[in-house]
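Have a look at the structure below, then the notes.
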Amino acid sequence: MSGCHLLVIAIVFLWLQGCAPKVQVSYIPQQKRSLGTEKPLAGKENVLVLKRHYEKWRGTPYIDGGMSASGIDCSGFTVLAYRDLFGVALPRTAGEQAESGREVARASLRTGDLVFFNTMRNAFSHVGIYLGDNQFVHAPRSGGRVRVEDLRDGYWTKRFNGARRVKLD
């Protein structure tokens, strides 16, 4: 394989690793994805709420700029989760979300914290929601479906770029 082919493959691979850093989206919900009367909860109850939300989205395909059951991106997933579960409006992009709330050390992560990764050679190019026990839920471009992964996985450990705690009150 020529050097040119390898370069093209490397560029495509790097492009596929993150989610959209900046996308303008006009979203009109086709169906409401609400869990009814659930309000912000604390501790272990948040895990259950977030896991039920994940079950609604599990396997949803990745679509750049998506915010519906037909496709979603990482920051769209976090926007809808915080809106539907906690009544909190997050900015639309991962980079903008990284400026929300307050910074949290990795050792101090709590369920519901936003976790950020550098997946596209720029800071805060990917975001997920921490579930506890080193698990986070996200909508990755690579692999293309909403899923839960482990922060200790080598790929995510190398790319971890910080966390934020958004006030839920």
Side-chain angles (χ1 to χ4, degrees), residues 17-27 29 32-58 60 62 64-68 72-142 146-153 155-169:
Q17 294 305 307
C19 73
K22 191 83 170 170
V23 175
Q24 293 289 10
V25 174
S26 177
Y27 174 67
K32 203 165 192 159
R33 289 182 172 266
S34 175
L35 294 178
T37 60
E38 290 180 338
K39 300 289 181 205
L41 303 170
K44 293 179 184 177
E45 293 169 337
N46 258 349
V47 175
L48 297 174
V49 169
L50 286 166
K51 284 185 177 179
R52 278 187 287 190
H53 187 73
Y54 161 67
E55 288 301 325
K56 288 184 171 201
W57 289 95
R58 179 173 38 170
T60 301
Y62 178 92
D64 197 17
M67 287 185 69
S68 73
I72 195 161
D73 68 10
C74 67
S75 56
F77 179 77
T78 56
V79 163
L80 294 178
Y82 267 73
R83 182 195 73 191
D84 294 350
L85 301 176
F86 308 118
V88 172
L90 288 178
R92 178 59 181 93
T93 69
E96 293 166 334
Q97 289 176 17
E99 298 173 12
S100 300
R102 67 176 178 84
E103 191 172 347
V104 176
R106 185 171 176 162
S108 300
L109 285 171
R110 290 196 318 218
T111 301
D113 288 343
L114 296 174
V115 288
F116 296 93
F117 305 90
N118 179 348
T119 58
M120 295 176 62
R121 293 190 180 186
N122 57 326
F124 311 114
S125 56
H126 186 67
V127 62
I129 302 173
Y130 187 70
L131 296 174
D133 296 324
N134 289 300
Q135 303 293 302
F136 69 103
V137 61
H138 65 133
R141 180 181 301 224
S142 177
V146 172
R147 64 180 180 253
V148 172
E149 294 201 61
D150 196 308
L151 281 173
R152 296 170 294 194
D153 176 275
Y155 179 85
W156 298 113
T157 296
K158 285 186 235 174
R159 290 162 179 81
F160 184 79
N161 206 30
R164 306 295 284 186
R165 183 164 299 143
V166 177
K167 187 174 181 180
L168 301 179
D169 301 333

Is the shortest heavy-atom distance from the side chain of [X] to the side chain of [Y] under 4.5 Å?
X      : Y      : result
Pro91  : Ser100 : yes
Arg106 : Leu151 : yes
Arg147 : His138 : yes
Arg83  : Val88  : no

Side chain of Asp73, backbone of Gly65: donor and acceptor closer than 3.5 Å?
-> yes

Going through the distances and angles, do Trp57 and Leu80 end up as a side-chain contact (heavy atoms from CB on, under 4.5 Å)?
-> CA-CA 10 Å; Trp57 289 95; Leu80 294 178; 3.6 Å; yes

Using side chain to side chain contact (heavy atoms under 4.5 Å, CB included) as the criterion, point out the one residue from Leu50, Val115, Val146 that pairs with Val137.
-> Val146

Hey, what do you get for CZ (Arg110) to CG (Asn46), rounding to the nearest 0.5 Å?
-> 9.0 Å

So how far is it from Arg165 CZ to Glu103 CD, rounded to the nearest 0.5 Å?
->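 Output value for this atom pair is 11.5 Å.
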
I would like to know whether Leu114 and Phe124 meet side-chain contact (heavy atoms from CB on, under 4.5 Å); could you show each step before the answer?
-> CA-CA 11 Å; Leu114 296 174; Phe124 311 114; over 6 Å; no

Please report the closest heavy-atom contact between [X] and [Y], naming both atoms and the distance.
X      : Y      : result
Val127 : Cys74  : O-CB, 3.4 Å
Ser68  : Thr60  : O-CG2, 3.9 Å
Phe77  : Ala139 : CB-CB, 4.2 Å
Ala94  : Ser125 : CB-C, 4.1 Å

Can you see whether [X] engages [Y] through a side-chain donor-acceptor pair at a distance of less than 3.5 angstrom?
X      : Y      : result
Thr93  : Ser75  : no
Thr78  : Gln97  : yes
Arg152 : Thr157 : no

side-chain contact (heavy atoms from CB on, under 4.5 Å) assessment of Tyr62 paired with Ile72 = CA-CA 5 Å; Tyr62 178 92; Ile72 195 161; over 6 Å; no

Verify salt bridge (Lys or Arg N to Asp or Glu O under 4.0 Å) between Glu55 and Arg58, making sure each step is shown before the conclusion.
-> CA-CA 5 Å; Glu55 288 301 325; Arg58 179 173 38 170; 2.5 Å; yes

In terms of the angle between their ring planes, are His126 and Phe117 parallel, tilted or perpendicular, with boundaries placed at 30° and 60°?
->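 His126 and Phe117: tilted rings.
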
Given the rule in the salt bridge (Lys or Arg N to Asp or Glu O under 4.0 Å) test, do Arg164 and Asp113 qualify, once you have shown the distances and angles that lead to the verdict?
-> CA-CA 6 Å; Arg164 306 295 284 186; Asp113 288 343; over 6 Å; no

Ring pair (Phe, Tyr, Trp, His ring centres under 6.0 Å) partner of Phe136, the single match among Trp156, Phe116, Tyr130, Phe160 | Trp156

